[in-house]
Student: 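Have a look at this one before I ask anything.
Side-chain atoms are counted along with the backbone in the values below, which use heavy atoms only and exclude waters and symmetry mates. Convention: sequence-line order gives letters A, B, ...; per-chain numbering from 1. Predicted model only: the values in this text are computed from it and were never measured.
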2 protein chains.
Amino acid sequence: MTIRLLLVDDHAVVRSGLKMLLSGQKEMEIVGEAASAHEALTETERLRPNVILMDIGLPDKTGIEATREIKAKFPDVKIVALTIHEDEEYFFQMLAAGASGYVPKRAAPDELITAINAAADGEVYLYPSLAKLLVRDYLSAERPAEEKANLDGLTDREHEVLIHLAEGASNDEIAAALVISPKTVERHRENIMRKLNLHSRSELVRYAIRKGIIKA
Amino acid sequence: MTIRLLLVDDHAVVRSGLKMLLSGQKEMEIVGEAASAHEALTETERLRPNVILMDIGLPDKTGIEATREIKAKFPDVKIVALTIHEDEEYFFQMLAAGASGYVPKRAAPDELITAINAAADGEVYLYPSLAKLLVRDYLSAERPAEEKANLDGLTDREHEVLIHLAEGASNDEIAAALVISPKTVERHRENIMRKLNLHSRSELVRYAIRKGIIKA
DNA sequence: ATTGGCATGGGGTGATGTCCCCATCAGCGG
DNA sequence: CCGCTGATGGGGACATCACCCCATGCCAAT
């Protein structure tokens, strides 16, 4: 299936260059162009592209806002940011707006093509300098998860039971999952609660989420 | 500056293939190979490569553990995961272990080369199918900020009760705090659970944390 | 060889939770 | 004025939980 592309950039020269570059791709067809956020929205409505290449610096609004508006109306359209900006702020905002890729204009042509294909497949291409930022963010957010090591002296089995408890399972459900008696589950639960000084399942859930043992 | 590469994979055939593939690259030199996690550690110590291509399925330990150990001793070595696994679990664990890239073996040769160069430059290359997972994780983590508004049709009083429930309070404790009967608290709890389609306090706690109603 | 931790279970009791039934009263919009 | 919703409260049935008692078997360390 060929990919229907819409180019959004306020510089005609850039659009021409992209057309040159992408016209060689068999699987891609450039169905339209837009020079502003407003045009991008109307052209998306009219042409229904699969993938939009979106500049960030546009005359009327930012490409970030344009992305947000287009994704709100046409959630299936994949949008790849193509911009000179490698700022952390723009990048994260673009992700939050629903972008399926982020490629700086300095990237190699092959990388843009990879990004477009990935977006069309419902995946995400991130240029390495930006991917680094996202990974850094992930690691800072997940740092609590590293505390899996110090679990206040819980044994392996207790830790396993704790995961199920935190996910809201009943004793019987846990027993079935671990193929042990409900009584043993209860035994483990008691030990866990005593070691962690907790006294209800609700407290266990909060503890587990705080420690990164499970996600909320 | 040329990149000094160490190949870690228990299959000699794979290593040969990689040598063939990468020998064409001027900027790269393969300085060694390892067929196990243990060998990877000793060879890293002996050869001091810049970048390691790390398989995950190794005979003695997983490539994830090997990565963790190597990064602990040699934090400057960049490690790129090269594996058949595209599982979410492996991917996130590899990131947490300190990997600078993640490339499935089905990727195009160019992508591997891009990944190695990105890693050597201190950046991160993520294959699109994995990048998607990380973006999804990012978006789910960032959501709480905006969602405080929509509370799925809970009344003010119900929301108030929900806060106490999520903090692990018993019906009696909530009744005392709000100066109403425990029975009324129960009534509110029932309504909350029905509206949110939840069926235990544990689920309520997770819901509240996910929505940012309370902190973990 | 004995001690100790770990995992495995059974019994019991009282507290708590989950989910129904019922009702009253105030306020608000049609 | 009537019906609706929100907030209040009581009764009861049954399930689950929280916390005690007890025991056995295993493995590792002393």
Student: Please tell me if the side chains of B/Thr62 and B/Leu58 come closer than 4.5 Å, counting only heavy atoms from C-beta onward.
Tutor: no
Student: Five pairs at each end of the helix from C/dA1-D/dT30 to C/dG30-D/dC1: take the axis at both ends and give me the angle between them to 10°.
Tutor: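 Here the local axes at opposite ends form an angle of 40°.
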Student: Show the numbers, then the answer: is there a side-chain hydrogen bond (donor to acceptor under 3.5 Å, both in side chains) between B/Glu86 and B/Ser129?
Tutor: CA-CA 8 Å; B/Glu86 291 182 45; B/Ser129 60; 3.0 Å; yes
Student: Checking the side chain of A/Asp55 only, and the main-chain atoms of A/Gly63 only, is there a donor and an acceptor separated by less than 3.5 Å?
Tutor: no
Student: Do other residues, nucleotides or ligands put more than 12 heavy atoms under 6.0 Å from the NZ atom of B/Lys215?
Tutor: no
Student: Mind running a 4.0 Å heavy-atom check of residues 171-192 of chain B against DNA chain C and sending the residues that fall below it, in number order?
Tutor: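 The answer is B/Asn171, B/Lys183, B/Glu186, B/Arg187, B/Arg189, B/Glu190.
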Student: Please identify each residue that fulfils side-chain hydrogen bond (donor to acceptor under 3.5 Å, both in side chains) with A/Lys61, with sequence neighbours left out.
Tutor: A/Glu69
Student: When the nearest nucleotide of DNA chain C is assigned to A/Glu158 and to B/Leu204 on a heavy-atom basis, which residue is associated with the more 5' position?
Tutor: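 Checking each residue's closest nucleotide, the 5'-ward one belongs to A/Glu158.
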Student: side-chain hydrogen bond (donor to acceptor under 3.5 Å, both in side chains), that's the test. Do B/Thr2 and B/Glu27 meet it? Break it down for me.
Tutor: CA-CA 4 Å; B/Thr2 75; B/Glu27 326 248 307; over 6 Å; no
Student: Would you indicate whether A/His38, at its atom NE2, is surrounded by more than 12 heavy atoms from other residues, nucleotides or ligands within a distance under 6.0 Å?
Tutor: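 Open.
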Student: How would you give the extent of chain B contacts on DNA chain C, as first and last nucleotide 5' to 3' within a 4.0 Å heavy-atom cut-off?
Tutor: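 In short, chain B contacts DNA chain C from C/dG17 to C/dC22.
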Student: For B/Arg15, enumerate each residue passing the salt bridge (charged side-chain N to carboxylate O under 4.0 Å, His left out) test, keeping only those at least two apart in sequence or located in another chain.
Tutor: B/Glu33
Student: Taking any atom under 4.0 angstrom from a heavy atom of chain B, which nucleotides of DNA chain D are the first and last to qualify, 5' to 3'?
Tutor: D/dG6 to D/dG12
Student: Have a look at B/Tyr90 and tell me which of B/Leu130, B/Leu95, B/Ile64 forms a side chain to side chain contact (heavy atoms under 4.5 Å, CB included) with it.
Tutor: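 Among the candidates, only B/Ile64 passes.
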Student: Evaluate the ring planes of B/Tyr102 and B/Phe91, with Trp represented by its six-membered ring, and classify them as parallel (under 30°), tilted (30 to 60°) or perpendicular (over 60°).
Tutor: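 Rings of B/Tyr102 and B/Phe91: perpendicular, as their planes differ by over 60°.
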Student: Does A/Asn50 use its side chain to pair, donor to acceptor, with the backbone of A/Arg4 at less than 3.5 Å?
Tutor: yes
Student: Taking the inter-plane angle between the rings of B/Tyr125 and A/Tyr125 on a 0 to 90° scale, is it parallel (under 30°), tilted (30 to 60°) or perpendicular (over 60°)?
Tutor: perpendicular
